[in-house]
Amino acid sequence: MKSQTKEKSALILIETQNEWMHEDGKLRKLLIKDEQMMLNSITNIEKLLDYSRKNNIEVIHVGLRFEKGYPELANGKSGLRKAIPIAETFPINEFGSQFYESVKPVAGEFVVTGRVGASGFTGSNLDAYLRNNKIENLYIAGYATHVCVESTLRDAHERSYNTFVVSDATSAFNKTQQEYFLNEIVHHFGEHMTTKDFLNK
């Protein structure tokens, strides 16, 4: 990446937390049907993060965590607002909501707070941080491809950011979902690339 592009770019890591990435994570055990795709994504996220840190590309961690009893999602009748409290995922200050050890934030990396929805922008300070730091190009990786990665991609596009999904550094629950997103969805809201493409930009 040229230095000018680097200054205006950020690697956005969506839910790189134990719920997805750790072998004991609830969502990893409950939803992931293609274990190899998940393992590949972990390896590639580690590569993206290492490259970004060595090349002074901004890294932003977009986690998800809820207060005890899930008051933020109170009275959810359907969708994630209903499912998350039932599954008891991403409880604040507990194992599932902790960032995965190999990709956890280091000093100087921004950790988004306030998020309460599928998009990394919903209720959070992400948009303010990006605009105040003049970041225009978002390289998105993480979980799950067809849910929170897609929601963040759509939202970012609507907010006029240049959006790129690093496809092999994401994982859906299965290959059908992953391929549908890459073939039918992503081009409406941005572009996709591989980890190799990112490392060679």
Side-chain angles (χ1 to χ4, degrees), residues 1-17 19-21 41 44-66 72 80 90 92 97-100 102-171 181-182 185-195 197-201:
M1 247 181 241
K2 295 176 182 176
S3 59
Q4 186 177 8
T5 307
K6 287 178 186 176
E7 290 171 6
K8 295 185 176 183
S9 299
L11 174 64
I12 310 291
L13 298 179
I14 307 293
E15 287 172 37
T16 48
Q17 294 162 278
E19 293 287 20
W20 289 115
M21 299 178 76
S41 72
N44 287 325
I45 289 170
E46 291 169 345
K47 289 179 181 178
L48 294 177
L49 189 54
D50 181 64
Y51 178 88
S52 296
R53 287 170 173 169
K54 287 178 178 175
N55 289 275
N56 297 314
I57 299 169
E58 181 98 22
V59 177
I60 299 174
H61 301 263
V62 184
L64 192 59
R65 49 189 54 83
F66 296 98
E72 306 93 330
L80 294 176
F90 301 106
I92 194 166
S97 65
Q98 301 304 309
F99 288 107
Y100 188 61
S102 67
V103 295
K104 65 183 182 182
V106 298
E109 294 176 351
F110 188 67
V111 178
V112 168
T113 58
R115 179 184 169 213
V116 292
S119 166
F121 291 92
T122 303
S124 81
N125 55 1
L126 176 58
D127 191 52
Y129 181 85
L130 294 172
R131 295 195 187 282
N132 289 339
N133 288 278
K134 298 180 170 50
I135 295 168
E136 300 174 3
N137 309 306
L138 309 185
Y139 295 85
I140 305 170
Y143 307 101
T145 311
H146 63 304
V147 187
C148 296
V149 169
E150 180 176 331
S151 296
T152 304
L153 169 72
R154 288 172 179 257
D155 210 344
H157 175 268
E158 297 300 297
R159 295 166 188 259
S160 302
Y161 294 101
N162 303 315
T163 51
F164 307 85
V165 173
V166 189
S167 58
D168 56 359
T170 71
S171 178
F181 170 78
L182 294 174
I185 301 297
V186 68
H187 63 274
H188 295 293
F189 305 103
E191 302 175 41
H192 65 90
M193 61 172 57
T194 65
T195 298
D197 293 332
F198 181 89
L199 302 183
N200 291 331
K201 274 188 76 66

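Numbering starts at 1 and runs along the sequence shown.
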Trainee: Does some side-chain heavy atom of Phe121 sit less than 4.5 Å from a side-chain heavy atom of Arg159?
Mentor: yes
Trainee: Report yes if some heavy atom in the side chain of Ser9 is under 4.5 Å from a heavy atom in the side chain of Tyr139; otherwise report no.
Mentor: yes
Trainee: Please confirm whether the backbone N or O of Gly120 pairs with a side-chain atom of Thr152, one donor and one acceptor, at under 3.5 Å?
Mentor: yes
Trainee: Give the C-alpha distance, both sets of side-chain angles, the deciding distance and a yes or no for side chain to side chain contact (heavy atoms under 4.5 Å, CB included) between Val166 and Ile140.
Mentor: CA-CA 6 Å; Val166 189; Ile140 305 170; over 6 Å; no
Trainee: Any sub-3.5 Å donor-acceptor pair from Gln17's side-chain atoms to Leu64's backbone N or O?
Mentor: yes
Trainee: State, with a plain yes or no, whether a side-chain heavy atom of Val59 is found less than 4.5 Å away from one of Leu13.
Mentor: yes
Trainee: Could you tell me which non-hydrogen atom of Phe90 sits nearest to which non-hydrogen atom of Glu19, and how far apart they are?
Mentor: N-OE2, 2.8 Å
Trainee: Just to verify, what does Glu72 make a side-chain contact (heavy atoms from CB on, under 4.5 Å) with, not counting sequence neighbours?
Mentor: Phe66, Glu67, Val116
Trainee: Please work out whether the ring planes of Phe198 and Tyr51 are parallel, tilted or perpendicular, with thresholds of 30° and 60°.
Mentor: perpendicular
Trainee: Applying ring pair (Phe, Tyr, Trp, His ring centres under 6.0 Å) to His61 and Phe99, what does each step give before you reach the verdict?
Mentor: CA-CA 9 Å; His61 301 263; Phe99 288 107; 5.6 Å; yes
Trainee: Which distance, rounded to the nearest 0.5 Å, do you find between the OG of Ser52 and the CG of Leu199?
Mentor: 8.5 Å
Trainee: Nearest 0.5 Å, what's the CE-CZ distance between Met193 and Phe164?
Mentor: 5.5 Å
Trainee: Using side-chain heavy atoms (C-beta onward) and a distance below 4.5 Å, is Val103 in contact with Glu46?
Mentor: yes
Trainee: List for me each residue that meets salt bridge (charged side-chain N to carboxylate O under 4.0 Å, His left out) alongside Lys54, sequence neighbours excluded, and say none if there are none.
Mentor: Asp50
Trainee: What I'd like to find out is whether the side chain of Val186 reaches to under 4.5 Å of the side chain of Leu153, using heavy atoms alone.
Mentor: yes
Trainee: What distance do Tyr161 atom OH and Ile12 atom CD1 have between them, rounded to the nearest 0.5 Å?
Mentor: 9.0 Å
Trainee: When you compare the side chains of Asn125 and Thr113, does any donor N or O come within less than 3.5 Å of an acceptor on the partner?
Mentor: yes
Trainee: Would you check, one step at a time, whether the test side chain to side chain contact (heavy atoms under 4.5 Å, CB included) holds for Leu80 with Val147?
Mentor: CA-CA 10 Å; Leu80 294 176; Val147 187; 4.0 Å; yes
Trainee: Please identify each residue that fulfils salt bridge (charged side-chain N to carboxylate O under 4.0 Å, His left out) with Arg131, with sequence neighbours left out.
Mentor: Asp127
Trainee: Heavy-atom distance under 4.5 Å between the side chains of Glu109 and Leu49, does that happen here?
Mentor: yes
Trainee: Could you tell me which non-hydrogen atom of Leu126 sits nearest to which non-hydrogen atom of Ile60, and how far apart they are?
Mentor: CD1-CG2, 3.9 Å
Trainee: Is it the case that the side chain of Asn44 and the backbone of Thr195 share a donor-acceptor pair, with hydrogens and angles ignored and the cut-off at 3.5 Å?
Mentor: no
Trainee: Is a side-chain N or O of Asn132 found less than 3.5 angstrom from the main chain of Ala128, in a donor-acceptor match?
Mentor: yes
Trainee: Using 0.5 Å steps for rounding, measure from the NZ atom of Lys8 to the CG atom of Leu130.
Mentor: 14.0 Å
Trainee: With sequence neighbours left out, what residues match Tyr100 under ring-ring contact (aromatic ring centres under 6.0 Å, His included)?
Mentor: none
Trainee: Could you go step by step and tell me if Leu11 and Glu58 meet the side chain to side chain contact (heavy atoms under 4.5 Å, CB included) rule?
Mentor: CA-CA 6 Å; Leu11 174 64; Glu58 181 98 22; over 6 Å; no
Trainee: Kindly determine whether Ile45 and Tyr143 satisfy side chain to side chain contact (heavy atoms under 4.5 Å, CB included), including the steps that lead there.
Mentor: CA-CA 11 Å; Ile45 289 170; Tyr143 307 101; 3.4 Å; yes
Trainee: Holding to salt bridge (charged side-chain N to carboxylate O under 4.0 Å, His left out), I want the full list of residues that pass it with Arg65, two or more places apart in sequence or in another chain.
Mentor: none
Trainee: Listed by chain and number, what are the ring-ring contact (aromatic ring centres under 6.0 Å, His included) partners of Phe181, not counting sequence neighbours?
Mentor: none
Trainee: Any non-hydrogen side-chain atom of Asn162 less than 4.5 Å from a side-chain atom of Leu138?
Mentor: no
Trainee: Nearest 0.5 angstrom please: Thr170 OG1 to Glu150 CD, how far?
Mentor: 11.0 Å
Trainee: Which distance, rounded to the nearest 0.5 Å, do you find between the OG of Ser41 and the CE of Met21?
Mentor: 6.0 Å
Trainee: Are any side-chain N or O atoms of Asn133 and backbone N or O atoms of Tyr129, one a donor and one an acceptor, separated by less than 3.5 Å?
Mentor: yes
Trainee: When you measure from the side chain of Asp197 to the backbone of Thr194, do you find a donor-acceptor pair of N or O atoms at a distance under 3.5 Å?
Mentor: yes
Trainee: Taking it one step at a time, do Glu15 and Arg115 satisfy salt bridge (Lys or Arg N to Asp or Glu O under 4.0 Å)?
Mentor: CA-CA 11 Å; Glu15 287 172 37; Arg115 179 184 169 213; 2.7 Å; yes
Trainee: Which atom pair, heavy atoms only, marks the closest approach of Ala10 to Ile135?
Mentor: CB-CG2, 3.8 Å
Trainee: Check Ala169 against Leu48 and note the closest heavy-atom contact, atom names and distance.
Mentor: CB-CD1, 3.5 Å
